[in-house]
Each structure stands twice: as structure tokens, then as C-alpha cells.
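Nothing fancy with the numbering, it's 1 onward along the sequence. Remember, predicted model here, so these are calculated numbers, not experimental data.
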Amino acid sequence: MSTATLDRTASPAVAAGSAPAIEFRGVSLRYISADGHATVALRDFSMAVARGEFIAIVGPTGCGKSTTLNMITGLLKPTVGEVRIMGQAVGGIDPRIGFVFQADAVFPWRNVLDNVAAGPLFRGASKDEAYARARDWIGRVGLGKFGGHYPHQLSGGMRKRVALAQTFVNQPEILLMDEPFSALDMQTRTLMQDELLQLWSASGSSVVFVTHDLEEAIALADRVFVLSARPATLKRVHTIDLPRPRVMSQVRYDPHFVELSKRIWDDLREEVVIQ
């Protein structure tokens, strides 16, 4: 895999005159169940993500973290307020957005190369171009020798590498990640976090990363957004002023990392107790 990285600052600024990559403006979301019962998932929720910024969202279970991702993709529409992508209101599925799920979204009947080439082919690339790009990205994630293997022949970490290649091969401007590494063992998870940071540093994408793991959020992100208990609203935003590039196995031992962890946990613990 390529080791190229950019020495990013802790919180990239939006270029003068350019809109944020993602913006929630006073968003509330209410569900109506079959029996007519109303449930408020988000309430007066506002946030902005700069272009090229990596943000993490944490909050108590069931507070609406994944709901925010579904609203960015257009799968859910706000009851009140507006969600905007690159300055335009979300109007449906946006091809500039890539999504990495907790479960591996691979076709079990296709080998690694075919899985990674599927996205470019679907988006109109020629077969030669799609497979050239797929081979390139398989190599970048360290699977150059496994292009002919099928998902059942791969470890959990290798399948997650395939998922990253599937996403980055489409050159997304925005990358949404919903607990992508939660099913992996600690060693594999640490390696995958490092690989994600390297891929992101070279891509310039804006990332919204949902996680229950507070240490993961701090180690990866430029800023950590803490959501309140349901109905969720934005409780506080913490800037993660740890230098980049970061090495996951080392950054957790930085004294400032420990200080940030305690500070953010104090916010999060209050919301867990409320539940």
C-alpha cells in the first residue's frame, strides 16, 4: 500500500468563498410509527464539516448517530431544517459520496478484482479503465496478490481492505463510515485505522466516522462531535489538536490524548447516565 501522507493540520479551514462539504442547518427528524406514535430522533441539530476534514461522531446507543449518515445520503429527509452537500440541498443519492458499513458490502460470488471493479463499471467506466483502477486500488490496500480470491477465502481484515478499495476506487469527495472496524480484533483494527488514515490523507475526502469507541474517535479525527441522548442534538464539539500524521499504536500514549479522552468522556458519560 502507498505510504504517502499529507501533514494535515488539526482542523482544516474552509477555503474562502467555498461552502462546507456537509452542513446540517437546524435539523429535526420525527418518526411516526404504524400506531401513530411520534418519536423524535434529532432535535435542532446543526453541524458543518469542512472540505478535507475528518470528523467523528460519538454518543450513547440509539441517539441517532447512524441517522445523521442516512440524512447525508438522502435516505432520510429532515422533518424540519436542511441538510446540504457542497452548498446544495440534498436531493437524493449523491455519486460523490462513498459509504463503508459495519458489515462487508462485497458480492460473495465475485472475486476481489471483480468486486472492486464493479463500482467504476456501474458509474460508466469502460471495462479496461474499471479493471485498471481496481488493480491499482487492490495494490494500494495490500491485496495485490489476492485479486483472484473470493470473499470466503479472506480474513476479516482482508475483506475490510476490499471494502476500502471498493469505496476509494470511486474517488468519493465525502466518505461516510458507520462502525466500519467494530467486528475486527484489536490488532487488525489498529492496522486498518492506520491504513484508513493513509488513504484519507492522499485522497482529500471529507470523512464522517460514526463509532462507539471514544479512543478510536480521538485517534482518527480532526474534531469529535458529541451527541446528546435521544432526541439527539449536538452537545459539544472537541478539536483534536494532536499532530499528523498519526500512528495508531503510538498516539494513544500521548499525554494530551489522555487529557482529551477524559474531557470527552465527561461529556459522554452524562448522556449515557441520562439514558
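- A salt bridge between Arg25 and Glu23 is present, with a side-chain N of the basic residue lying under 4.0 Å from a carboxylate O of the acidic one.
- Counting only N and O atoms by type, the side chains of Glu53 and Ser206 include no donor and acceptor under 3.5 Å apart.
- Within a 6.0 Å radius of CZ in Arg96, more than 12 heavy atoms belonging to other residues, nucleotides or ligands are found.
- For the ring pair (Phe, Tyr, Trp, His ring centres under 6.0 Å) condition, no pair includes a residue of residues 241-266, sequence neighbours left out.
- Other residues sharing the hydrophobic cluster of Phe107, ordered by chain and number and joined by side-chain separations under 4.5 Å: Trp109.
- Between the side chains of Ser66 and Asp178, at least one donor-acceptor pair of N or O atoms lies under 3.5 Å.
- Taking the charged nitrogens against the carboxylate oxygens, Asp222 and Arg244 do have a contact shorter than 4.0 Å, which makes a salt bridge.
- Looking at Asp185 and Arg189, no side-chain N of the basic residue comes within less than 4.0 Å of a carboxylate O on the acidic one, giving no salt bridge.
- Aromatic ring orientation, Phe54 versus Trp200: perpendicular (interplanar angle above 60°, classes split at 30° and 60°).
- With sequence neighbours excluded, no residue forms a side chain to side chain donor-acceptor pair (under 3.5 Å) with Asn70.
- Nearest heavy atom pair, residue Pro20 against residue Val49, reads CB-O, 3.5 Å.
- Linking ILVMFWY residues whenever their side-chain heavy atoms come closer than 4.5 Å, directly or via other members, places Met71 and Phe101 in the same cluster.
- Inter-residue side-chain proximity for Ile22 and Val208 is flagged as met; some heavy-atom pair is nearer than 4.5 Å.
- For the side-chain hydrogen bond (donor to acceptor under 3.5 Å, both in side chains) condition, the pairs that include at least one residue of residues 73-87, sequence neighbours left out, are Glu82-Arg84.
- The side-chain contact (heavy atoms from CB on, under 4.5 Å) test applied to Ser155 returns Met158, not counting sequence neighbours.
- Electrostatic pairing of Asp266 and Arg269 counts as a salt bridge here, judged by a charged N lying under 4.0 Å from a carboxylate O.
- The existence of a salt bridge linking Glu270 and Lys235 is confirmed by a sub-4.0 Å separation between a basic side-chain nitrogen and an acidic carboxylate oxygen.
- In this view, Asp114 and Arg110, Asn111, Tyr131 satisfy the side-chain contact (heavy atoms from CB on, under 4.5 Å) rule, not counting sequence neighbours.
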